[in-house]
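Below is one structure, written out as structure tokens; comments come after it.
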Amino acid sequence: MSTVTGWRSPLLAGVVATIEVELRQSWHGLLADLDVTPGSADEIEVARLVVDDPAGYDWRTVDAALDRLTCPSCGSTLTRGPVSCQTCELHHRMRFGAREVDRPHVPPGNEHGLRVATAVARGRHRYSPRARVGYELVLPDLLAGTLPTTAQAQAAKALINKLSDDECDRVTSLAEVERLARHR
């Protein structure tokens, strides 16, 4: 991973920054709807309510709520603690119960792909190098509104499976994956 941005590439860093803005906007929209002041004790209570019932909210709102809570078991931001933290792991799995409504003008399933890729990128330590590279390389396209076909996803996975863990952590594009995997 790049030591400059902390992300695989400047493109991925920009995409994650855009998604972080979307999460904050979703959260602040909910607070405004509920007439809750950001930074207040009520905001933390709303975050707890959202996290306890993820199915009642859009995934962006749930992810934003998780960012506002501290894990009582490990002291990290909820879901960001070590994989061994059962509380973080439980809430990480529960986040996938949130609603996902496809944005206008995107193929059905794009929102699901975007949400999973975002969870992987934001919780990298919970996933294998192969999962990280696959989801992180497709995240910019998902945010742009495209969705790979099953055949495209399977072909990319087959190439990724030819790489070492170290190569998976270093590649910055699917073209680089193809180049490295070509003769293996």
Side-chain angles (χ1 to χ4, degrees), residues 6-7 12-128 130-148 150 153:
W7 293 103
L12 181 61
V15 166
V16 171
T18 298
I19 291 168
E20 295 290 343
V21 168
E22 289 181 3
L23 298 179
R24 283 191 300 276
Q25 289 172 338
S26 179
W27 182 250
H28 288 293
L30 176 64
L31 293 182
D33 289 348
L34 298 174
D35 197 27
V36 171
T37 304
S40 67
D42 288 342
E43 178 184 25
I44 299 304
E45 187 57 35
V46 169
R48 284 189 186 106
L49 292 171
V50 168
V51 166
D52 286 346
D53 181 24
Y57 303 92
D58 178 77
W59 72 268
R60 288 170 183 81
T61 303
V62 172
D63 276 19
L66 290 166
D67 289 347
R68 281 149 180 84
L69 298 175
T70 300
C71 176
S73 299
C74 73
S76 297
T77 300
L78 196 55
T79 73
R80 304 280 180 104
V83 175
S84 61
C85 177
Q86 293 179 358
T87 303
C88 281
E89 182 61 25
L90 170 69
H91 286 286
H92 175 69
R93 286 192 316 265
M94 286 181 58
R95 78 181 342 137
F96 294 105
R99 293 188 307 232
E100 46 188 52
V101 177
D102 281 317
R103 296 167 292 153
H105 313 295
V106 301
N110 170 274
E111 193 70 6
H112 177 71
L114 178 61
R115 174 225 218 137
V116 172
T118 297
V120 171
R122 295 180 84 230
R124 300 184 90 249
H125 68 291
R126 297 196 172 283
Y127 297 92
S128 72
R130 282 170 179 71
R132 288 192 303 259
V133 70
Y135 283 109
E136 289 175 357
L137 291 179
V138 76
L139 187 55
D141 292 332
L142 292 168
L143 184 62
T146 65
L147 183 67
T150 300

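Computed from a prediction, not measured in an experiment: that's the story for all the values here.
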Over 12 non-hydrogen atoms of neighbours within 6.0 angstrom of [atom1] in [X]:
X	atom1	result
His125	NE2	yes
Tyr57	OH	yes
Asp35	CG	no

Side chains of [X] and [Y], heavy atoms from C-beta outward: is any pair under 4.5 Å?
X	Y	value
Val106	Leu114	no
Leu12	Leu139	yes
Pro148	Val138	yes
Arg130	Tyr135	no
Val46	Leu34	yes
Thr37	Glu43	no
Val15	Thr18	no

- Item | Pairs touching residues 111-122 that satisfy side-chain hydrogen bond (donor to acceptor under 3.5 Å, both in side chains), sequence neighbours left out | Glu20-Arg122, Trp59-Glu111, Arg60-Glu111, Asp67-Arg122, Glu100-His112, Glu100-Arg115, Arg103-Glu111

- Task: Please collect all side-chain hydrogen bond (donor to acceptor under 3.5 Å, both in side chains) contacts where either partner lies in residues 44-55, sequence neighbours excluded, each pair once.
- Result: none

- Does the pair Glu22 and Leu143 meet the rule for a side-chain contact (heavy atoms from CB on, under 4.5 Å), with working shown? CA-CA 11 Å; Glu22 289 181 3; Leu143 184 62; 3.8 Å; yes

Backbone N/O of [Y] and side chain of [X]: donor-acceptor pair under 3.5 Å:
X	Y	answer
Glu89	Cys85	no
Arg126	Arg80	no
Asn110	Asp102	no
Ser128	Ala131	yes
Arg68	Ala64	yes
Asp141	Thr146	no

[atom2] on [Y] to [atom1] on [X], rounded to 0.5 Å:
X	Y	atom1	atom2	result
Leu69	Ile44	CG	CD1	6.0 Å
Trp27	Asp58	CH2	CG	12.5 Å
Cys88	Arg93	SG	CZ	11.5 Å
His92	Thr87	NE2	OG1	14.5 Å
Ile19	Arg24	CD1	CZ	12.0 Å
Leu23	His28	CG	NE2	10.5 Å

Minimal non-hydrogen separation, [X] against [Y], with atom names:
X	Y	result
Arg95	Leu66	NH2-CD1, 3.5 Å
Val16	Ala121	CG2-CB, 4.4 Å
Val62	Ala98	CG2-CB, 3.5 Å

- Item | side-chain contact (heavy atoms from CB on, under 4.5 Å) between Tyr127 and Glu136, worked out | CA-CA 11 Å; Tyr127 297 92; Glu136 289 175 357; over 6 Å; no

